[in-house]
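One structure below.
Letters A, B, ... are given to chains in the order of the sequence lines, protein chains preceding strands, and every chain is numbered from 1.
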Amino acid sequence: MKEVIEIVQKLRNESSTNGKIAILQKNKDNELLKKVLLYTYDPFKKYGMSEKSINPINSANFTIDIFELLDILSSSNINDSLRATANSFLGSIQNENEMELYKCILLKDLRMGINAKGINKVWKDLIPQFNVMLADKYFEKPQKVKGKEFIITQKLDGCRFVLIKDENGQVKYFTRQGQEIEGLVEFEEDSKKIPNNTVIDGELLLNIEGLHSKDLYRETMKESRKKGVKHGLALHAFDILTFEEFKQGISKTKCKERKEQLSNLISVHGFTNIIEVPIRYIGKDESVIIKLLDEAIANDEEGVMVNLSNAPYECKRTSNILKVKKFQDADLKVLSIEEGEGKNKGTLGRINVEYKNNTIGVGSGFSDEMRNEVYNNPNKYIGKIAKIQYFEETTNSKDNKPSLRFPVFLEWRFDKCEPSYY
DNA sequence: CAAACACTCTGGGGTTCAAAC
DNA sequence: GTTTGAACCCCAGAATGTTTG
């Protein structure tokens, strides 16, 4: 374990990513290192510990090792008794560096600037990964569609949903992060009709008419994340590829052709819970994008998606698909500021602003320089007005207080003394 | 050599579930 | 019965190193 600690230390001191990979490559045969990395970064191993709940208790030596402890934690429903066991285990470790390493494993972060993606470059498929195609932002890369044919569809605001039917005909359903969704008995009939070795990608939404996009989103999440049998959910499918291709991470079939395949499959079988996301436009006219965005917003929808017609399906974020949505902003009064965590320790983590008698935290949108400035001169900023970008107003079901979804700091409004918002 | 890309890290609101109070 | 903490869902954006054109 001493050697592993030294390697982790080396990785922390190396700023270059290629350098980190070289260090890992050099230690490729170190089985213990491999095991430490797997137990730390495997997203399906969960230990139920946080910075708060880790408080080592001095105790005698344990007969089990760290991996046995981690296996116990990850295979149980975590409770205080198990947390106490973990804390006693930490407290029994005499060597400070060793204890620090174990603490990092429990928190699932070795803090060395490299994660599953980088590790898998050295040991292929060591850390299980589940990747789907993700979109870039249209307003950051509008040039991507220039002169190319593209397809516009509605942007749906639900839960990403990937249906996988493997070579043997077994069907499973996953979220974007690869979490399996169980209890979807209403999908069984449709799933039987899907050919083996097929992946259908889409958005899971509750089948209710006439709800505003944000309410539909909230109700969908409630249903899809609860335990047991789920009702009234539908898959709004927008893409299709083979399971082989999905595992490879790419389908070279063009987007337009994939959408045709999907459309055929759906119309031939007449599914009850799988619905096709309709195409609203195919062509090269860029002015249509904003026109359809405005229509979507007027229709209480989240926005639109622009898909390049000839692009492959790639299991990563790509500018071959662009999301187009509109943000709003409000000028809000700063109530207080808070210190951050991790790399923001000793500087600004978030500001708290007032919105309709509710306090909202805003922690995104600050440069490092601004974080330091605000943290070191709080009186210059508390009580002042900040321009905050947000997507939409939300209300939680607990106390119905209004809040803002995706709040981001834009700029200071020293020219104003009073907040303003709709 | 600048621009684009890839990846990591920190920050948000809202929900469920299980355990703790 | 209510509160709390972890783990999810939806994310946005800054920083930094690497690759590309």
Side-chain angles (χ1 to χ4, degrees), chain A residues 14-21 43-44 46-53 73 76-83 107-121 134-137 140-141 143-144 155-161 175-179 181 203-204 213-214 217-228 302 316-319 323 325 327 338-345 347-353 355 358-371 388-410:
Chain A
E14 171 68 63
S15 68
S16 149
T17 314
N18 287 344
K20 289 179 204 285
I21 287 173
F44 301 108
K46 289 161 248 185
Y47 310 128
M49 302 289 289
S50 71
E51 200 84 52
K52 246 187 208 167
S53 55
L73 294 178
S76 326
N77 267 343
I78 194 82
N79 58 32
D80 280 2
S81 148
L82 283 167
R83 287 196 182 95
L107 294 174
K108 299 190 64 69
D109 184 5
L110 297 178
R111 300 188 164 272
M112 49 189 203
I114 191 165
N115 275 330
K117 280 209 168 90
I119 293 164
N120 280 345
K121 282 177 184 163
L134 299 169
D136 270 337
K137 297 178 185 101
E140 282 180 10
K141 298 180 174 178
Q143 73 279 6
K144 286 284 163 189
K155 184 177 192 314
L156 294 156
D157 195 11
C159 183
R160 187 67 174 267
F161 187 85
T175 69
R176 193 177 120 176
Q177 258 95 33
Q179 297 291 325
I181 304 181
E203 195 84 0
L204 191 65
S213 175
K214 69 173 182 180
Y217 165 75
R218 217 177 65 184
E219 294 307 313
T220 296
M221 285 308 171
K222 277 188 189 169
E223 186 65 25
S224 62
R225 296 187 49 70
K226 79 177 190 196
K227 245 187 148 183
E302 193 192 4
K316 61 171 186 177
R317 193 169 295 283
T318 165
S319 49
K323 51 180 157 183
K325 52 198 246 187
F327 287 91
E338 282 178 37
E339 187 184 352
E341 291 189 357
K343 67 180 179 186
N344 287 340
K345 202 140 199 129
T347 187
L348 181 76
R350 63 185 257 182
I351 59 172
N352 294 314
V353 297
Y355 178 75
N358 194 19
T359 303
I360 294 164
V362 182
S364 196
F366 298 99
S367 65
D368 286 355
E369 199 186 354
M370 183 59 77
R371 286 187 194 278
I388 305 299
Q389 169 191 280
Y390 64 98
F391 176 60
E392 65 189 357
E393 184 180 293
T394 57
T395 42
N396 64 50
S397 50
K398 211 175 138 201
D399 52 19
N400 273 316
K401 275 192 172 174
S403 190
L404 301 175
R405 192 169 171 203
F406 313 146
V408 174
F409 170 82
L410 288 179

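Side-chain proximity of A:Asn79 to B:dA19, B:dT16, C:dC11: nearest is B:dA19. When each of C:dT18, B:dT10, B:dG12 is scored by its nearest atom to the side-chain atoms of A:Ser16, the top-ranked nucleotide is C:dT18. Side chain of A:Arg405, nearest nucleotide from C:dA15, C:dC10, B:dG13: C:dC10. Counting only heavy atoms from C-beta on, A:Val408 has its side chain closest to C:dA12 among B:dA20, C:dA12, C:dC10. Relative to the side chain of A:Lys325, the nucleotides B:dG11, C:dT19, C:dA12 differ in distance, and C:dA12 lies closest. Side chain of A:Ser367, nearest nucleotide from C:dC11, C:dA14, B:dA18: C:dA14. Relative to the side chain of A:Ser364, the nucleotides C:dG13, B:dA18, C:dC10 differ in distance, and C:dG13 lies closest. Considering only the side chain of A:Arg218, B:dG14 comes nearest among B:dG14, C:dA12, C:dC10. Taking only side-chain atoms of A:Arg83, from C-beta outward, the nucleotide of C:dA15, C:dC8, C:dA6 with the closest atom is C:dA6. Ranking B:dA4, B:dT15, B:dC17 by closeness to the A:Lys144 side chain, first place goes to B:dA4.
Residue A:Lys20 is out of contact with every strand shown, counting any heavy-atom pair closer than 4.0 Å. Nucleic acid contact class of A:Ser15 (heavy atoms, under 4.0 Å, all strands): sugar-phosphate only. Looking at heavy-atom distances under 4.0 Å, A:Phe366 makes contact with sugar-phosphate atoms alone, never a base. In this structure, A:Thr220 reaches neither bases nor backbone, as no heavy-atom distance under 4.0 Å exists between it and the strands shown. Within 4.0 Å (heavy atoms only), A:Lys214 reaches no atom of the nucleic acid at all.
Taking only side-chain nitrogens and oxygens, A:Gln389 comes nearer than 4.0 Å to OP1 or OP2 of C:dG13. Residue A:Lys316 has a polar side-chain atom (N or O) positioned under 4.0 Å from OP1 or OP2 of B:dA6. Between A:Asn77 and C:dA6 there is no side-chain polar atom (N or O) within less than 4.0 angstrom of OP1 or OP2. The side chain of A:Ser53 places an N or O atom within less than 4.0 Å of a non-bridging phosphate oxygen (OP1 or OP2) of C:dA6. For A:Lys155, a side-chain nitrogen or oxygen approaches OP1 or OP2 of C:dC11 to under 4.0 Å. One finds no side-chain N or O of A:Lys398 lying less than 4.0 angstrom from the OP1 or OP2 phosphate oxygen of C:dT3. The phosphate of C:dG5 (OP1 or OP2) has no side-chain N or O of A:Ser50 nearer than 4.0 angstrom. Of the side-chain N and O atoms in A:Lys117, none sit less than 4.0 angstrom from OP1 or OP2 of C:dT18. Under 4.0 angstrom from either OP1 or OP2 of B:dG12 there lies at least one side-chain N or O belonging to A:Arg350. Look at A:Lys345 and you won't find any side-chain N or O under 4.0 angstrom from OP1 or OP2 of B:dT10. Dashed line: the shortest gap from a side-chain N or O of A:Lys227 to OP1 or OP2 of B:dA18 is under 4.0 Å.
The pair A:Asp157-A:Lys325 fails the salt-bridge criterion, with no side-chain N (NZ, NE, NH1 or NH2) lying under 4.0 Å from an Asp/Glu carboxylate O. Using a 4.0 Å cut-off between charged side-chain N and carboxylate O, A:Glu14 and A:Lys20 make no salt bridge.
Toward the 5′ end of DNA chain C lies the nearest nucleotide of A:Glu369, the other residue of the pair A:Glu369 and A:Asn18 mapping further downstream. Along DNA chain C, the nucleotide nearest to A:Thr17 and the one nearest to A:Met221 differ in position, and the one closer to the 5' end is contacted by A:Met221. Mapping A:Leu348 and A:Gly228 onto DNA chain B by nearest heavy atom places A:Leu348 at the nucleotide closer to the 5' end. Each of A:Lys343 and A:Ser403 has a nearest nucleotide on DNA chain B; the 5'-most of these lies closest to A:Lys343.
For A:Gln143, the CD atom counts as densely surrounded, since its 6.0 Å shell holds more than 12 non-hydrogen atoms of other residues, nucleotides or ligands.
Between A:Tyr355 atom OH and B:dG12 atom P the separation is 18 Å, expressed in whole Å. As a whole-Å value, the separation of A:Leu410 CG from C:dG13 C1' is 11 Å. Remark: P of B:dT8 and CG of A:Asp109 are 11 Å apart, rounded to the nearest angstrom. A:Lys226 has its NZ atom 17 Å from the C1' atom of B:dA18, to the nearest Å. At whole-Å resolution of the value, CD in A:Gln177 and C1' in C:dC9 are 8 Å apart. Between the C1' atom of B:dT10 and the CG atom of A:Asp368 lies a distance of 10 Å, rounded to the nearest Å. Whole-Å rounding puts the A:Glu392 CD to C:dA12 P distance at 12 Å. A:Met49 places its CE atom 16 Å from the P atom of B:dA19, with the value rounded to the nearest Å.
Here the closest non-hydrogen pair linking A:Thr394 and A:Leu404 is OG1-N, 3.9 Å. Among all heavy-atom pairs drawn from A:Asn358 and A:Lys401, the shortest one is OD1-CD, 3.5 Å. Contact between A:Leu107 and A:Ser50 at its shortest, heavy atoms only, is CD2-C, 3.4 Å. Taking all atoms of both residues into account, the shortest heavy-atom contact from A:Leu204 to A:Ser224 is CD2-CB, 3.8 Å.
Classification of the A:Phe327-A:Phe391 ring pair by plane angle, with boundaries at 30° and 60°, yields perpendicular.
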